[in-house]
Amino acid sequence: MFTVHKTDGSARLGQIQLAHGVVQTPIFMPVGTVGSVKTLVPQDLHDIKAEIILGNTYHLYLRPGLDVIREFGGLHDFIQWNKPILTDSGGYQIFSLAGQRKIDEKGAHFQSHIDGRKLTLTPELAVEIQETLGSDIHMVLDECTPHPVTYEGAKASMERSMRWALRCREAKTRPELAQFGIVQGSMFEDLRLQSIHALTDIGFEGYAIGGLSVGEPKPDMRRVTAFACAHLPQDKPRYLMGVGTPLDLVESIYAGVDMFDCVMPTRNGRNGTLFTSKGRVNIKNQRHKLEHGPLDEECACYTCKTFSLAYLRHLFMAQEFTALRLLTLHNLTYYLRLIHDIRAAIAEGRMSQLVDHHRQLWDS
RNA sequence: GGGGGUGUAGUUAAGUUGGUUAUAACGCCGGCCUGUCACGCCGGAGGCCGCGGGUUCAAGUCCCGUCGCUCCCG
């Protein structure tokens with residue numbers, strides 16, 4: 001199912017065979033929480049060569065609900081996306097909606113942010129929902145441990161997530177769909193190692209590194225990522241959840257990560273921050289008001305090939321919906337192009353130069 | 001011509017029986033965003049309180065004059 005073709009240092013070039021096709025790795029997965037990558041349609045995603053997108057268990061279960069998904073035979077047919085889908089289990093919502101949920105051994109008890117009704121997300125229900133959605137890869141239910149946390153707190157949280165991981169594995173019924181375990185343990189390497197052992201003892205089709213990019217210092221994130229990669233199995237894909245910036249991607253791939261998802265390109269695009277070959281651009285800045293040239297001269301996306309930066313800025317300032325779409329299109333193109341460049345660098349054995357280049361570009 | 005209303009930030013407005021540094025929204029300028037409660041969040045700049053005079057320890061606030069806008073009646 002997962003094959004590595006070539007390595008450069010710890011970086012790996014490979015591919016994953018999934019129910020709806022093959023994805024090349026390293027890969028970046030655009031986030032489409034409620035069944036759409038905000039502002040885009042599937043045709044756009046095909047055009048920018050997205051290979052796999054994300055959906056979210058918690059959000060899709062609340063709305064539209066499993067009755068609708070069953071009626072349409074799964075998420076793929078419902079949203080008209082015929083390539084692979086990965087769904088997150090709702091573990092991040094345990095973290096991000098902490099104010100309106102309680103957690104115990106059984107699962108996470110939420111009060112819906114939509115209509116206030118109560119629901120309990122258990123490991124078993126998370127798997128049932130995701131198998132109904134028919135996601136090519138589904139994630140075990142975990143608790144994304146907040147930061148900072150005491151050692152004892154991190155240990156208790158991780159150990160419960162590991163018990164939940166086993167329950168998820170036991171609840172799995174569809175062999176054609178992949179299930180990934182999630183490593184927790186906060187910033188503590190011995191806990192991370194215990195978590196890796198617990199998960200590999202169970203055995204999953206892939207392993208994710210969770211509980212990072214939750215406010216910890218960047219060196220901690222780098223250290224824990226490298227540590228986890230060094231101890232995870234060589235023959236399974238490694239997925240760094242929720243990360244990250246362009247530099248995070250480059251650095252993490254160099255440390256051995258194969259898969260990423262992040263709202264950054266889509267959300268920042270909608271909020272006016274763009275990623276370009278020359279660094280970040282804040283489209284609101286007045287200095288772009290009269291710019292005839294494109295947002296990024298080196299970008300081949302529709303937005304950059306067609307429009308001046310001045311016009312894009314005008315659309316954004318005027319709060320035109322079109323601006324959000326054009327900027328999302330650009331940022332995702334940038335991310336997928338970056339992934340393409342990284343793959344080429346691994347193939348040609350020049351990852352370390354690429355890492356240096358991006359450190360220079362983004363650290364300033 | 002007579003009577004009423006109203007002039008406060010770029011705009012629309014708030015401003016207590018006169019009492020610290022005149023407030024808000026929008027706009028403008030800048031920053032932030034990492035398994036999406038997110039077209040969001042945070043910060044900053046910006047004022048001859050129409051103008052002139054008076055009362056008072058103290059006036060955006062009270063009085064007089066004046067100018068502009070506006071409504072009603074002739």
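Because the structure is a prediction, the values reported are computed rather than measured. Per chain, numbering begins at 1; letters A, B, ... match sequence-line order.
- One interatomic measurement links the two molecules: CD of A:Gln286 to C1' of B:G10, which rounds to 14 Å at whole-angstrom precision.
- Every side-chain contact (heavy atoms from CB on, under 4.5 Å) that A:Lys289 has, sequence neighbours left out, goes to A:Arg313.
- Using a 4.0 Å heavy-atom criterion, one finds that A:Arg313 contacts the sugar-phosphate atoms exclusively.
- Note on A:Gly211: a base of the nucleic acid sits closer than 4.0 angstrom, heavy atoms only.
- Pair assignment for B:G1 gives B:C73, based on Watson-Crick or G-U wobble hydrogen-bonding distances that are each under 3.5 Å.
- One finds no salt bridge joining A:Lys236 and A:Asp258 here, because no Lys/Arg side-chain nitrogen approaches an Asp/Glu carboxylate oxygen to under 4.0 Å.
- Counting only heavy atoms from C-beta on, A:Val243 has its side chain closest to B:U34 among B:G35, B:G30, B:U34.
- Taking atom P in both B:G1 and B:G18, the straight-line distance is 35 Å, to the nearest Å.
- Using a 4.0 Å heavy-atom criterion, one finds that A:Leu54 contacts the sugar-phosphate atoms exclusively.
- A:Tyr207 and A:Phe180 have their aromatic ring centers separated by at least 6.0 angstrom.
- Summarising the geometry, the separation between CD1 on A:Ile137 and P on B:G35 is reported as 17 Å, rounded to the nearest angstrom.
- Taking atom C1' on both nucleotides, B:A14 is separated from B:C26 by 15 Å, rounded to a whole Å.
- Between A:Asp248 and A:Lys218 a salt bridge is recorded (basic side-chain N to carboxylate O distance below 4.0 Å).
- A:Gln93 has its CD atom 14 Å from the C1' atom of B:U34, to the nearest Å.
- Distance noted for atom C1' between B:G47 and B:U21: 13 Å (whole Å).
- A:Arg280 comes within 4.0 angstrom of the backbone, heavy atoms only, and of no base.
- When heavy atoms are screened at a 4.0 angstrom cut-off, A:Met29 is found touching no nucleic acid atom at all.
- Between the C1' atoms of B:U56 and B:G19, the separation comes to 12 Å (whole Å).
- Residue A:Ser213 places none of its side-chain N or O atoms closer than 4.0 Å to OP1 or OP2 of B:U34.
- Under the side-chain contact (heavy atoms from CB on, under 4.5 Å) rule, A:His231 has a single partner from A:Thr200, A:Ile196, A:Val183, which is A:Ile196.
- The pair A:Lys83-A:Glu51 fails the salt-bridge criterion, with no side-chain N (NZ, NE, NH1 or NH2) lying under 4.0 Å from an Asp/Glu carboxylate O.
- The existence of a salt bridge linking A:Arg174 and A:Glu205 is excluded, since no basic side-chain nitrogen approaches an acidic carboxylate oxygen closer than 4.0 Å.
- Taking a cutoff of 4.0 Å between a charged side-chain nitrogen and a carboxylate oxygen, A:Asp115 and A:Arg117 qualify as a salt bridge.
- Between the C1' atom of B:C29 and the CD1 atom of A:Ile283 lies a distance of 16 Å, rounded to the nearest Å.
- In the interface, the side chain of A:Asp142 is paired with the base of B:G35 through a donor and an acceptor atom under 3.5 Å apart.
- Look at the C1' atom in both B:G44 and B:A59: the space between them is 31 Å, to the nearest Å.
- Among the protein residues, A:Asp261 comes within range of the sugar-phosphate backbone only, with heavy atoms under 4.0 Å from sugar or phosphate atoms but none that close to a base.
- Distance noted for atom P between B:C49 and B:C33: 41 Å (whole Å).
- Separating the P atom of B:A38 from that of B:U16 is a span of 41 Å, rounded to the nearest Å.
- Here the P atom of nucleotide B:G35 and the CG atom of A:Asp248 are 11 Å apart, to the nearest Å.
- In this structure, B:G44 and B:C28 make a Watson-Crick or G-U wobble pair, each of the two defining distances being under 3.5 angstrom.
- Along RNA chain B, the nucleotide nearest A:Lys289 and the nucleotide nearest A:Met241 are compared for position; the residue whose nucleotide lies closer to the 5' end is A:Lys289.
- As judged by a 4.0 angstrom heavy-atom cut-off over every strand, A:Glu216 is placed among residues making no nucleic acid contact.
- Taking atom P on both B:G65 and B:C57, the two are 24 Å apart, rounded to the nearest angstrom.
- Listed pair A:Asn268 / B:U34 fails the phosphate criterion, with no side-chain N or O lying under 4.0 Å from OP1 or OP2.
- A salt bridge links A:Asp220 with A:Arg223: the closest approach of a Lys/Arg side-chain nitrogen to an acidic carboxylate oxygen falls below 4.0 angstrom.
- Nucleotide B:U6: paired with B:G68 (Watson-Crick or G-U wobble, both distances less than 3.5 Å).
- A:Leu212 places its CG atom 11 Å from the C1' atom of B:G35, with the value rounded to the nearest Å.
- Salt bridge annotation for A:Arg163-A:Glu105: present, with a cationic side-chain nitrogen under 4.0 angstrom from a carboxylate oxygen.
- Residue-level contact check: A:Asn56 touches the backbone only, with heavy atoms under 4.0 Å from sugar-phosphate atoms and none from bases.
- Note: CD (A:Gln184) to P (B:G35) measures 14 Å, nearest angstrom.
- Aromatic ring orientation, A:His113 versus A:His59: perpendicular (interplanar angle above 60°, classes split at 30° and 60°).
- Atom P of nucleotide B:U36 and atom CD of A:Gln100 are separated by 15 Å, given to the nearest angstrom.
- Ring planes of A:Tyr302 and A:Phe307: perpendicular class, angle over 60° (limits at 30 and 60°).
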- Per-nt protein contacts along nucleotides 38-44 of chain B (heavy atom under 4.0 Å; B base, S backbone sugar-phosphate only, - none) come out as BBBB---

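- For residues 159-173 of chain A, proximity to RNA chain B is found at no residue, defined as any non-hydrogen atom under 4.0 angstrom from a strand atom.
- Figure legend. B:C62 is base-paired to B:G54; pairs are counted as Watson-Crick or G-U wobble with both atom distances under 3.5 Å.
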